[in-house]
> 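Starting off with a structure, shown below.
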Amino acid sequence: MELADRAVGFLLSFISLSIFTYYTFWVIILPFVDSDHFVHKYFLPQEFAILIPVFAGVVLLCFLCMFIGYVMLKSKKKKKV
């Protein structure tokens with residue numbers, strides 16, 4: 001089981017590093033590259049650099065609030081019994 005945990009940890013680390021590298025290049029380096037350069041076809045427009053993280057944050061906050069509400073309702077039912 002330890003080998004499977006290491007593999008999952010390595011995979012998650014690799015995915016996180018890849019997303020961080022892509023986003024960093026997209027937001028910090030790409031604005032300084034000419035707009036007609038071929039590398040621009042691999043990236044979304046700059047407006048999405050803000051919209052995607054904001055949307056992800058709102059979704060994460062919604063799921064967190066739903067989880068906290070579920071736990072509070074579940075603990076309230078346990079106290080009644």
Side-chain angles (χ1 to χ4, degrees):
M1 193 65 170
E2 183 178 320
L3 184 61
D5 291 341
R6 282 184 147 185
V8 169
F10 178 74
L11 182 65
L12 289 174
S13 296
F14 179 74
I15 290 171
S16 298
L17 185 62
S18 299
I19 291 172
F20 175 76
T21 304
Y22 179 86
Y23 187 77
T24 301
F25 188 81
W26 181 25
V27 172
I28 295 176
I29 297 174
L30 202 61
F32 298 108
V33 178
D34 291 334
S35 60
D36 59 345
H37 199 273
F38 75 94
V39 78
H40 278 277
K41 69 179 179 179
Y42 298 111
F43 296 92
L44 292 171
Q46 289 289 327
E47 296 83 29
F48 291 105
I50 300 298
L51 292 177
I52 291 173
V54 167
F55 179 74
V58 168
V59 169
L60 181 67
L61 189 63
C62 288
F63 280 122
L64 183 63
C65 290
M66 287 178 10
F67 175 74
I68 290 172
Y70 174 74
V71 168
M72 288 173 63
L73 287 174
K74 193 173 180 179
S75 69
K76 192 175 184 180
K77 286 181 182 178
K78 277 187 177 180
K79 287 183 179 179
K80 282 186 176 180
V81 173

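The residues of the chain are indexed from 1 along the displayed sequence.
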> Treating Ile, Leu, Val, Met, Phe, Trp and Tyr as nodes and any side-chain heavy-atom pair under 4.5 angstrom as an edge, say whether Leu11 and Phe20 lie in one connected cluster.
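Per the 4.5 Å side-chain linkage, Leu11 and Phe20 are not co-clustered.
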> Could you check whether any side-chain heavy atom of Val39 comes within less than 4.5 Å of a side-chain heavy atom of Phe25, counting everything from C-beta outward?
yes
> When hydrophobic residues are tied together by side-chain contacts of less than 4.5 Å, even through go-betweens, does Tyr42 share a cluster with Ile28?
yes
> Treating Ile, Leu, Val, Met, Phe, Trp and Tyr as nodes and any side-chain heavy-atom pair under 4.5 angstrom as an edge, say whether Tyr23 and Leu17 lie in one connected cluster.
no
> Examine distances only and state if a side-chain atom of His40 and a backbone atom of Asp34 form a donor-acceptor pair shorter than 3.5 Å.
yes
> If you round to the nearest 0.5 Å, how far is CG of Leu3 from CG of Asp5?
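The CG atom of Leu3 is 9.0 Å from CG of Asp5, to the nearest 0.5 Å.
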> Can you tell me how far the CD1 atom of Ile68 sits from the CZ atom of Phe63, to the nearest 0.5 Å?
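Answer rounded to 0.5 Å: 14.0 Å.
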> For Tyr22, enumerate each residue passing the ring pair (Phe, Tyr, Trp, His ring centres under 6.0 Å) test, keeping only those at least two apart in sequence or located in another chain.
Phe43
> Is it true that a side-chain atom of Trp26 and a backbone atom of Ala49 form a donor plus acceptor pair closer than 3.5 Å?
no
> Are Leu44 and Phe38 co-members of a hydrophobic cluster defined by side-chain heavy atoms under 4.5 Å apart?
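Linked, Phe38 and Leu44 end up in one cluster.
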> Hydrophobic cluster membership, with links at side-chain heavy-atom distances under 4.5 Å among I/L/V/M/F/W/Y: are Val58 and Leu64 in one?
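No, separate clusters.
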> Which distance, rounded to the nearest 0.5 Å, do you find between the CD1 of Ile52 and the CD of Glu47?
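Rounded to the nearest 0.5 Å, the CD1-CD separation comes out at 11.0 Å.
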> Got a second to check how far Leu60's CG is from Phe55's CZ, nearest 0.5 Å?
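These two atoms lie 11.5 Å from each other.
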